[in-house]
Amino acid sequence: MSSHIAFIGLGHMGAPMASNLLEAGHRLKVFDLVPAAVQALAGAGAEASASAADAVRGAELVITMLPASRHVEGLYLGKEGLLGAIARGTLVLECSTIAPESARKVSAAAIAVGIRMLDAPVSGGTAGAVAGTLTFIVGGAATDLEAAQPYLRAMGKNIFHAGAAGAGQVAKICNNMLLGILMAGTAEALALGVANGLDPKVLSDIIAKSSGRNWATELYNPWPGVMEHAPASKGYSGGFGVDLMLKDLGLATEASVQSRSATPLGGLARNLYAMLSAQGHGGLDFSSVLKLYER
Ligand code: NAD
């Protein structure tokens, strides 16, 4: 089945996701504010559009992958008013990581004009986007998710229905808050052990088979040299940037304020990554939080 898809936002994540849809045989009309990003996809077989409104004309499915809440609200609800250009009944997959409140606001505005919208933030990073193995965490109507499945399967491997509109964003934010906390905790434990004479590799092996084990000790150790393929062993290059973690922890803080939830560990983690960013490490992988414990 070949569909006509509009894809808007061709950055680090959007460009490889769009490429995977092209490879699956779909016809794509693409748009980004950066003309070079549009040209790169046009070179791979997509049709270049002059504007977002141009891209969505006649599309059966619209996908957006933008930086943050303000870009998503600006595109759909702002002066560009993309909702006015999308045909009634069209399915929209909003894949950016944004505030749940924003996702609910845009979804309600879409539904009010007969457009079906899902929030579908992703986990898996740029490597997962390139390999087509992303995890999609979806909020919205189950029937719309059913219709989106073939497209999501062309870009990802695991697809979860978190609940109603905005629930995808809530689940994504909760996961990433826990990830930020676990990475900081792992760095702290390793630094304590090393300061008390332990070999970081020996301590990591012990934790990985004991009750403190977690994703960082199993696959993504923050101590340089412990895991050959982890960003820590490559000068903290690649991986998931400190500033992206900081953004997600900021969204967690916003959600905690909104719902009057206490997230003391999330708040502490946000401050740790903010310190790291302020020291000029915003572009390094987030496991570089270990630097804050260096003696
Ligand atoms: P990016 O900054 O590389 O790409 C965003 C693109 O959107 C840019 O090319 C920008 O020009 C374009 N854009 C912005 N406003 C636009 C508009 N009004 N119309 C058209 N294009 C517009 O960001 P990214 O790394 O691709 O991330 C995209 C989203 O995915 C973010 O919300 C991010 O938090 C999330 N995410 C990123 C990663 C990652 O590892 N990079 C992992 C998971 C989730």
Side-chain angles (χ1 to χ4, degrees), residues 6-20 28-42 46 48-56 59 62-83 85-86 92-100 102-103 106 119-138 155-158 160 168-169 171-177 179-180 220 231 236-252 254 273 282-287:
F7 204 115
I8 300 163
L10 307 166
H12 291 102
M13 298 294 288
M17 288 164 70
S19 294
N20 283 328
L28 258 66
K29 276 177 90 176
V30 296
F31 178 69
D32 193 289
L33 295 177
V34 177
V38 177
Q39 287 319 314
L41 256 293
S49 300
S51 66
D54 177 29
V56 303
V62 175
I63 303 178
T64 48
M65 192 52 164
L66 305 176
S69 303
R70 68 176 189 283
H71 305 91
V72 174
E73 289 196 27
L75 181 71
Y76 286 104
L77 311 175
K79 262 194 288 172
E80 289 175 78
L82 198 63
L83 289 180
I86 299 172
V92 176
L93 296 180
E94 210 305 289
C95 296
S96 327
T97 301
I98 62 173
S102 284
V106 175
D119 47 296
V122 305
S123 180
T126 50
V130 171
T133 56
L134 291 170
T135 294
F136 284 90
I137 310 167
V138 181
M155 301 182 284
K157 206 166 65 175
N158 298 305
F160 292 103
Q169 299 294 351
K172 157 93 188 176
I173 288 167
C174 292
N175 177 71
N176 280 25
M177 183 181 84
L179 174 64
Y220 212 94
Y236 297 106
S237 62
F240 184 58
V242 167
D243 282 344
L244 283 172
M245 176 53 84
L246 187 55
K247 174 198 161 185
D248 291 354
L249 288 167
L251 290 173
E254 272 179 49
Y273 293 101
L284 295 183
D285 178 74
F286 79 114
S287 61

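Side chains included, hydrogens not; waters and symmetry mates left out as well; all remaining heavy atoms used. Quick note: residue numbers are just sequence positions, from 1. Counting convention: from 1, in listed order, for ligands and their atoms alike. What you are looking at is a predicted structure, and each value in this text was computed from that prediction instead of being measured.
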Participant: Find all atoms of ligand 1 within a distance of less than 4.0 Å from any non-hydrogen atom belonging to Leu66, and give their numbers and elements.
Facilitator: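 Those of ligand 1 that fall under 4.0 Å from Leu66 are 7 (O), 13 (N), 16 (C), 21 (N), 22 (C), 28 (C), 29 (C), 31 (C), 32 (O).
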Participant: Which heavy atom in Lys29 sits nearest to a heavy atom in Asp54, and how many Å separate them?
Facilitator: NZ-O, 3.0 Å
Participant: Check whether any N or O atom of Leu244, backbone or side chain, sits under 3.5 Å from an N or O atom of ligand 1, and answer yes or no.
Facilitator: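 No.
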Participant: Pairs of nitrogen or oxygen atoms closer than 3.5 Å, one from Asp32 and one from ligand 1: do any exist?
Facilitator: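 For ligand 1, there is an N or O atom that lies under 3.5 Å from one belonging to Asp32.
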Participant: Where does Ile98 meet ligand 1, judged by heavy-atom distances below 4.0 Å: at the side chain, the backbone, both, or neither?
Facilitator: neither
Participant: Identify, by atom number and element, the atoms of ligand 1 in contact range of Val34, meaning under 4.0 Å from any of its heavy atoms.
Facilitator: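 Those atoms are 11 (O).
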Participant: Quick one: which ligand 1 atoms are inside 4.0 Å of a heavy atom on Thr97?
Facilitator: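 Answer, ordered by atom number: 32 (O), 34 (O), 35 (C), 44 (C).
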Participant: At the 4.0 Å heavy-atom cut-off, does Pro67 count as touching ligand 1?
Facilitator: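 Right, Pro67 reaches ligand 1.
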Participant: For ligand 1, indicate whether the residue Glu94 contacts it via side chain, backbone, both or neither (heavy-atom separation under 4.0 Å).
Facilitator: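 Under 4.0 Å from ligand 1, Glu94 contributes no heavy atoms.
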Participant: If I compare all heavy atoms of Ile8 with all of Leu82, which pair ends up nearest, and what's the gap?
Facilitator: CD1-CD2, 3.8 Å
Participant: Could you report the tightest heavy-atom contact between Pro121 and Ser96, atom names first, then the distance?
Facilitator: CB-O, 3.9 Å
Participant: Once rounded to the nearest 0.5 Å, what's the spacing between atom CE of Met13 and atom CG of Leu66?
Facilitator: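 Rounded to the nearest 0.5 Å, the CE-CG separation comes to 13.0 Å.
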Participant: Tyr220 and ring pair (Phe, Tyr, Trp, His ring centres under 6.0 Å): which single residue from Phe286, Tyr236, Phe240 fits?
Facilitator: Phe286
Participant: With Ala42, which residues qualify under side-chain contact (heavy atoms from CB on, under 4.5 Å), at least two apart?
Facilitator: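 With sequence neighbours excluded, Ala42 shows a side-chain contact (heavy atoms from CB on, under 4.5 Å) to Gln39, Ala48, given in chain and number order.
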Participant: Rounded to the nearest 0.5 Å, what separation is found between the CG atom of Asn175 and the CG atom of Asp248?
Facilitator: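 Atom-to-atom, Asn175:CG and Asp248:CG are 9.5 Å apart.
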Participant: Does any part of the side chain of Asp119, heavy atoms only, come nearer than 4.5 Å to the side chain of Lys172, both counted from C-beta?
Facilitator: no
Participant: Can you check whether Phe136 reaches Leu93 side chain to side chain, under 4.5 Å on heavy atoms?
Facilitator: no
Participant: My understanding is that we take every heavy atom of each candidate and find the minimum distance to atom 19 (N) of ligand 1. Doing that for Leu33, Thr64, Val72, which one comes out nearest?
Facilitator: Leu33
Participant: Under 4.0 Å from a heavy atom of Met65: give me the atoms of ligand 1 that qualify, with their elements.
Facilitator: 5 (C), 7 (O), 29 (C), 30 (O)
Participant: Is it the side chain, the backbone, both or neither of Ile8 that has a heavy atom closer than 4.0 Å to ligand 1?
Facilitator: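 The side chain, only.
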Participant: Measure across Leu41 and Ala18 and return the closest heavy-atom pair with its distance rounded to 0.1 Å.
Facilitator: CD1-CB, 3.8 Å
Participant: In ligand 1, which numbered atoms sit nearer than 4.0 Å to a non-hydrogen atom of Lys172?
Facilitator: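 Numbered from 1, ligand 1 contributes 43 (C), 44 (C).
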Participant: Report the residues that fulfil side-chain contact (heavy atoms from CB on, under 4.5 Å) with Thr135, sequence neighbours left out, ordered by chain and then residue number.
Facilitator: Ser123, Ile137, Asn158, Phe160
Participant: So is there a nitrogen or oxygen of Val122 less than 3.5 Å from a nitrogen or oxygen in ligand 1?
Facilitator: no
Participant: Are any of the side-chain heavy atoms of Glu94 and Val106 separated by less than 4.5 Å?
Facilitator: no
Participant: In terms of atom number and element, which parts of ligand 1 are under 4.0 angstrom from non-hydrogen atoms of Gly125?
Facilitator: 40 (O), 42 (C)
Participant: Which atoms of ligand 1 sit under 4.0 Å from any heavy atom of Phe31?
Facilitator: 19 (N), 20 (C)
Participant: Can you confirm, on distance only, whether ligand 1 has an N/O atom lying under 3.5 Å from any N/O atom belonging to His71?
Facilitator: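 No - when backbone and side-chain N and O of His71 are compared with those of ligand 1, no distance drops under 3.5 Å.
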Participant: Below the 3.5 angstrom mark, is there an N/O of Ser123, backbone or side chain, next to an N/O of ligand 1?
Facilitator: no
Participant: Ser96 to ligand 1: N or O pair under 3.5 Å?
Facilitator: no
Participant: Any idea which atoms of ligand 1 are less than 4.0 Å away from a heavy-atom of Gly9?
Facilitator: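 Within the 4.0 Å cut-off of Gly9, ligand 1 contributes 7 (O).
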